[in-house]
Amino acid sequence: QVQLVESGGGLVQAGGSLRLSCAASRPTFSTLAMGWFRQALGKEREFVAAISWSGDKTSYVDPVKGRFTISRDNAKNTVYLQMNSLKPEGTAVYYCAARHGLVVVTADRYDYWGQGTQVTVSP
């Protein structure tokens, strides 16, 4: 079992930046692909970004390309999501997820989930 704990959410004005962190409980973190998803009020959970266990492969949803960067530090069992040029439509609960295997963009293929961290972007 892997426990994931997100942090770094908060309130930011449009155009601002936030960096989310997700700390994993197990050293096997370095063998897991990691993803970030978000869920806005009244909407379905959607894929944001993912990174392979080695960090050499990343994937992003089109609306965040060029603004968000996913990275990981396997020595710290932590994955990050740097979010720049935030927009009000980015307001959502952001979830960290982990899976054994390759990077995928589908939520139901992830094995472990964090509790989420709220990101609110004001106009």
Side-chain angles (χ1 to χ4, degrees):
Q1 187 73 11
V2 177
Q3 292 185 330
L4 304 173
V5 179
E6 303 97 335
S7 61
L11 174 64
V12 64
Q13 288 188 330
S17 298
L18 283 174
R19 187 176 82 154
L20 305 182
S21 299
C22 173
S25 63
R26 296 283 298 272
T28 52
F29 171 83
S30 63
T31 67
L32 300 172
M34 302 297 297
W36 285 98
F37 290 76
R38 65 188 177 188
Q39 187 166 17
L41 194 63
K43 295 187 177 181
E44 293 186 355
R45 191 170 299 188
E46 67 170 353
F47 170 77
V48 177
I51 188 167
S52 62
W53 67 269
S54 64
D56 64 339
K57 295 183 180 180
T58 58
S59 180
Y60 298 90
V61 68
D62 284 347
V64 309
K65 286 180 179 178
R67 299 187 297 118
F68 290 12
T69 302
I70 188 170
S71 62
R72 66 190 297 160
D73 185 339
N74 286 345
K76 296 182 178 179
N77 292 348
T78 302
V79 64
Y80 305 97
L81 184 68
Q82 176 67 42
M83 305 186 295
N84 298 329
S85 302
L86 281 161
K87 302 177 180 181
E89 52 264 41
T91 294
V93 177
Y94 283 71
Y95 296 91
C96 173
R99 71 181 305 270
H100 300 280
L102 302 177
V103 167
V104 297
V105 302
T106 309
D108 62 6
R109 296 181 68 183
Y110 280 79
D111 303 302
Y112 309 104
W113 290 86
Q115 293 300 307
T117 185
Q118 176 70 46
V119 172
T120 302
V121 185
S122 63

Q: Evaluate the criterion side-chain contact (heavy atoms from CB on, under 4.5 Å) for residue pair Trp36 and Cys96; output intermediate values, then yes/no.
A: CA-CA 5 Å; Trp36 285 98; Cys96 173; 4.0 Å; yes
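- The environment of Leu11 atom CG is dense: over 12 non-hydrogen atoms of other residues, nucleotides or ligands sit within 6.0 angstrom.
- Side-chain N or O atoms of Arg72 include one that pairs as donor or acceptor with a backbone N or O of Phe29 at under 3.5 Å.
- The side-chain tip of Arg19 points at the ring of Tyr80 from less than 6.0 angstrom away and within 45° of straight on.
- No more than 12 heavy atoms of other residues, nucleotides or ligands lie within 6.0 Å of CD in Gln3, so this atom counts as exposed by the packing criterion.
- Closest non-hydrogen pair, Ala40 versus Ala92, comes out as N-CB, 3.7 Å.
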Which side-chain N or O atoms in residues 46-55 pair as donor and acceptor under 3.5 Å with protein atoms at least two apart or in another chain?
unit_1, atom_1, unit_2, atom_2, d
Glu46, OE2, Arg38, NE, 2.6
Glu46, OE2, Arg38, NH2, 3.2
Ser52, OG, Gly55, N, 3.3
Ser52, OG, Asp56, N, 3.3
Ser52, OG, Asp56, OD1, 2.8
Ser52, OG, Lys57, N, 3.1
Ser54, OG, Asp56, N, 3.4
Ser54, OG, Asp56, OD1, 2.6

Q) Going through the distances and angles, do Leu4 and Met34 end up as a side-chain contact (heavy atoms from CB on, under 4.5 Å)? A) CA-CA 10 Å; Leu4 304 173; Met34 302 297 297; 4.1 Å; yes
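- Tyr110 and Ala97 get closest at one heavy-atom pair: CD2-CB, 3.5 Å.
- Side-chain atoms of Gln115 never come within 3.5 Å of backbone atoms of Val5 as a donor-acceptor pair (strictly under, hydrogens ignored).
- Minimum interatomic distance between Val103 and Ser59 (heavy atoms only, all atoms of both residues): CG1-CB, 4.2 Å.
- Residues Ser85 and Ser17 share a closest heavy-atom pair of N-OG, 4.3 Å.
- The aromatic rings of Tyr94 and Phe68 sit tilted, their planes meeting at an angle between 30° and 60°.
- In this structure, Arg67 forms no cation-pi arrangement with Tyr60, as its terminal cationic atom is not both closer than 6.0 Å to the ring centre and no more than 45° off the ring axis.
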(Q) What verdict does the side-chain contact (heavy atoms from CB on, under 4.5 Å) test give for His100 and Tyr112, after you've listed the backbone C-alpha separation in whole Å, the side-chain angles of each residue and the deciding distance to 0.1 Å? (A) CA-CA 9 Å; His100 300 280; Tyr112 309 104; 3.2 Å; yes
